[in-house]
Amino acid sequence: MTPVAGLPITPPPLPTIGGQQPNLPAGAQPFKNVLVEALEQVNAMQSQANQAVEQLVTGGDVNPAEVLTTLQKADMSFRMMLQIRNKLLQAYQEINNIRI
Amino acid sequence: MISALDISTSALVAQRIRLDTVSSNLANLTSMTRDENGEMQPYQARFVIFQTDEDLQTRQGAIGVKVANVETEQIEPNYRHDPNHPYAIKSGPKKGYVAYPNINMTAEMVDALVATRAYEANLGAIELSKNMAQQSLRILG
Amino acid sequence: MMPNLFAGTTIPVLGEVLNFAQARHTVLAGNVANVNTPGYRLRDLNEAEFQQQLKDAIHHSQRPPSLADTEQPDPLLNVRQSLENLLYHDETNLDLEKQVAEMTKNHLLHNFALTVMTDQFQLLQTAISERV
């Protein structure tokens, strides 16, 4: 019987935090970057919609229908983001509840 | 910002002025006016001249309408022989005749009808513009 | 933090637009009521002037605040107070069609501002309740 101490036990490679990046296929990004980018896009759409409304009420040469469409797009992006955030939180809590 | 509403409104105003001149012509079918020499002249029909209004145009090429001028006709009056009338012509080839306005009543009535139809058509256009703007608020759901 | 809850939205601006639209409605309705009054001079609220003041207030509130700023913290308050100064006498003839057309345009502006403002409130509500 071989002694336990001598067995080569190689734990699976853990993801490094803050150290080297794990190997990714070309063109992919870490999930964190994807999220941050999406947040910035939603924010940009919101400020774009706000600007469009302000332009319209200060007499600018914008089409009211266009402004409404921009507003609705920004609204939907925000709600989508909120839902994604809720699902992420839910997933995190589920993982937390895994009893080891 | 000039919109369809402003352009239709300019048409409403113009057509109403046109209707006003028609009413004036019909009301004065047998009227006389005193001209600058103090003599009595028969009433001459008025008519409007429409023109596109450069102050009321959009970038996409829509343009409004305005009344450029209210002109007076210069046509031969109707002469009727009535030597005892106070305004009969005293001398010349038309002595003893009274000059009456030469207004074609039928033509004026037709003009009034056309003006009314145009007014109604522009009212319809205004309703549609209002409707479009209100309905577009449904984008926000 | 609480008063600035609405600072990033267009809600304050739209509130001023609503104020203006309602004030202008009463002035225009007064014109229509006086269509047969002899010697009546048309009144109106200067929309271009209001839009310019709104633009200035928005621009002012978006500048980074400096230590030398002794003006009031809410530039939109300026706009609300100047509402009385927008009244002017229009020397053109009282065309009933024009007055009704102006009322219609004002009405559309009012409804637009109201709908957008309601939508913004709902969006804030969604964000606060986290319930999409």
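Quick note on labels: first sequence line is chain A, next is B, and so on, each numbered from 1.
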* **Gln120(C) portion near chain A, given a 4.5 angstrom heavy-atom threshold** => side chain
* Name the region of Asn86(A), side chain, backbone, both or neither, that has any atom closer than 4.5 Å to a heavy atom of chain C. => side chain
* Asked: Which of residues 11-22 of chain C get closer than 4.5 angstrom to chain A, counting heavy atoms alone?
  -> Val13(C), Leu14(C), Val17(C)
* Would you say Asn36(C) has more than 12 foreign heavy atoms packed within less than 6.0 Å of its CG? -> no
* Compare every heavy atom of Pro64(A) with every heavy atom of Phe112(C), then report the nearest pair and how far apart it is. => CE1-O, 4.1 Å
* Toward chain C, the part of Gln46(A) with a non-hydrogen atom under 4.5 Å -> side chain
* For Ala127(C), is it the side chain, the backbone, both or neither that has a heavy atom under 4.5 Å from a heavy atom of chain A? -> both
* To do: First locate atom OG1 of Thr10(C), then atom CG of Leu56(A), and finally report the distance between them rounded to the nearest 0.5 Å.
  => 11.0 Å
* Please round to the nearest 0.5 Å and tell me the distance separating atom CG of Leu68(A) and atom OG1 of Thr115(C). => 8.0 Å
* So does His25(C) have more than 12 non-hydrogen atoms from other groups sitting under 6.0 Å from NE2? -> no
* Asked: So among Thr58(A), Asn50(A), Val57(A), which one has a side chain to side chain contact (heavy atoms under 4.5 Å, CB included) with Ile58(C)?
  -> Thr58(A)
* Partners of Arg85(A) by side chain to side chain contact (heavy atoms under 4.5 Å, CB included), sequence neighbours excluded? -> Leu82(A), Leu89(A), Glu130(C)
* To do: List the atom of Leu123(C), the atom of Arg79(A), and the distance in Å for their closest heavy-atom pair.
  => CD1-NH2, 4.0 Å
* Side chain / backbone / both / neither for Thr9(C) at chain A, heavy atoms under 4.5 Å -> backbone
